[in-house]
Amino acid sequence: MEVKINSLIKKVSPQFTLQVDSAIFQSGKVIGLVGHNGKGKTTLLNILAGLDNEFTGEILYDGKKISPLLRKQITMTFQTPALLNRSVYANIEYPLKIRKLDSSKRKEVISDMLSKLNIEHLSKKNATKLSGGESQRAALARGLSFSPRLLLLDEPFSAIDEKSIHNMEQCILDYNKATGATVVLVSHNSQQIENMCNSIITL
């Protein structure tokens with residue numbers, strides 16, 4: 001999914017307005033979104049995800065404006081994961097149920113996600129009781145489960161050990177390669193951005 005921004009203006013606070021004259025997130029690429037704290041990276045991700053429509057300007061997804069159908073093809077993981085008060089399994093299953101995937105296919109997808117993120121042992125655990133790193137992996141598993149065409153990641157590697165970071169990085173890159181999905185990554189780690197991303201957009 002290609003995303004184009006034209007003349008975007010978003011008033012974030014009396015002291016700060018996010019302004020993006022023009023930007024293109026190329027289809028099928030992993031794009032790093034960087035900038036100093038307070039420059040509007042999370043705000044822009046929220047707008048791209050269709051979670052914030054209080055702005056002027058235009059955003060086009062493969063040449064089209066946001067719609068309910070397009071929203072179902074986009075997902076965002078937050079720096080502090082927003083997980084439901086139920087099991088990890090149920091969290092990953094939730095977007096699949098919304099999309100009316102049959103139960104046997106749901107089980108197959110969930111099993112695959114749990115395995116890829118090395119969280120099979122957390123399947124029955126309440127997602128609100130997870131550690132920070134476990135929450136991030138569960139949120140990524142849920143985000144990838146329904147094969148979004150646009151994957152927005154806001155600091156997805158915070159509070160995670162080095163081994164788990166490598167696992168998550170590889171899952172994201174494998175997903176991008178296998179599906180051709182567009183990935184937008186916000187990370188404070190400049191080396192990580194350089195290693196993972198095809199291009200970088202700076203705010």
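What's counted below: heavy atoms across the whole structure, side chains too, no hydrogens, waters or symmetry copies.
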ILVMFWY cluster, [X] and [Y] together (side-chain gap under 4.5 Å):
| X | Y | answer |
| --- | --- | --- |
| Val20 | Leu150 | yes |
| Leu144 | Phe78 | no |
| Leu48 | Leu33 | yes |
| Ile172 | Ile92 | yes |
| Val186 | Ile47 | yes |

When rounded to the nearest 0.5 angstrom, what is the spacing between [atom1] in [X] and [atom2] in [Y]?
| X | Y | atom1 | atom2 | answer |
| --- | --- | --- | --- | --- |
| Ile200 | Ile31 | CD1 | CD1 | 11.0 Å |
| Ser145 | Glu93 | OG | CD | 10.0 Å |
| Lys107 | Asp112 | NZ | CG | 16.0 Å |
| Arg86 | Thr128 | CZ | OG1 | 11.5 Å |
| Lys72 | Arg149 | NZ | CZ | 15.0 Å |
| Gln170 | His166 | CD | NE2 | 5.5 Å |

Does [X] use its side chain to pair, donor to acceptor, with the backbone of [Y] at less than 3.5 Å?
| X | Y | result |
| --- | --- | --- |
| Lys41 | Leu203 | no |
| Thr182 | Met1 | yes |
| Lys124 | Tyr89 | no |
| Glu2 | Ile24 | no |
| Gln136 | Gln79 | yes |

Closest contact, heavy atoms only, [X] versus [Y]:
| X | Y | answer |
| --- | --- | --- |
| Leu83 | Ala138 | CD1-CB, 4.3 Å |
| Ser135 | Ala127 | OG-O, 4.3 Å |
| Pro95 | Phe146 | CB-CD2, 3.6 Å |
| Leu185 | Cys197 | CD2-SG, 4.2 Å |
| Met196 | Leu173 | O-CD2, 3.7 Å |
| Asn176 | Ala181 | ND2-O, 2.8 Å |

### Task
Assess whether atom NE2 of His36 is packed by more than 12 heavy atoms of other residues, nucleotides or ligands within 6.0 Å.
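No, the 6.0 Å shell around NE2 holds no more than 12 heavy atoms from other groups.
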### Message
Can you confirm whether Lys177 is buried at NZ, in the sense that more than 12 heavy atoms of other residues, nucleotides or ligands lie under 6.0 Å from that atom?
### Response
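No, not enclosed.
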### Message
Between Lys116 and Asp174, does any side-chain N to carboxylate O distance fall below 4.0 Å?
### Response
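A salt bridge is absent here (no side-chain N lies under 4.0 Å from a carboxylate O).
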### Query
Is Arg137 salt-bridged to Glu134, cutoff N-O under 4.0 Å?
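A salt bridge is absent here (no side-chain N lies under 4.0 Å from a carboxylate O).
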Are any non-hydrogen side-chain atoms of [X] and [Y] less than 4.5 angstrom apart?
| X | Y | answer |
| --- | --- | --- |
| Glu120 | Ser115 | yes |
| Cys171 | Leu117 | yes |
| Leu8 | Leu44 | yes |
| Asp21 | Gln19 | yes |
| Met113 | Arg142 | no |
| Phe157 | Leu140 | no |
| Thr202 | Lys39 | no |
| Ser199 | Phe25 | no |

### Task
Taking atom types as modelled, find out whether Ser187 and Asn189 have a side-chain donor-acceptor pair closer than 3.5 angstrom.
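Short answer, no.
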### Query
Passes side-chain contact (heavy atoms from CB on, under 4.5 Å), Asn195 versus Glu169? Steps please.
CA-CA 10 Å; Asn195 291 340; Glu169 288 175 340; over 6 Å; no
### Query
Please walk me through it: do Asn118 and Ser164 pass side-chain contact (heavy atoms from CB on, under 4.5 Å)?
CA-CA 8 Å; Asn118 293 328; Ser164 295; over 6 Å; no
### Query
Transitive ILVMFWY cluster of Leu84 at side-chain heavy atoms under 4.5 Å: who else is in it?
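Answer for Leu84: Tyr94, Ile98.
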### Message
side-chain contact (heavy atoms from CB on, under 4.5 Å) for Ile74 and Met76? Distances and angles first, verdict last.
### Response
CA-CA 7 Å; Ile74 302 170; Met76 177 174 171; 6.0 Å; no
### Message
Please determine whether side-chain contact (heavy atoms from CB on, under 4.5 Å) holds for the pair Leu151 and Thr75, giving the CA-CA distance in whole Å, both sets of side-chain angles, and the decisive distance to 0.1 Å.
### Response
CA-CA 5 Å; Leu151 176 63; Thr75 196; 3.4 Å; yes
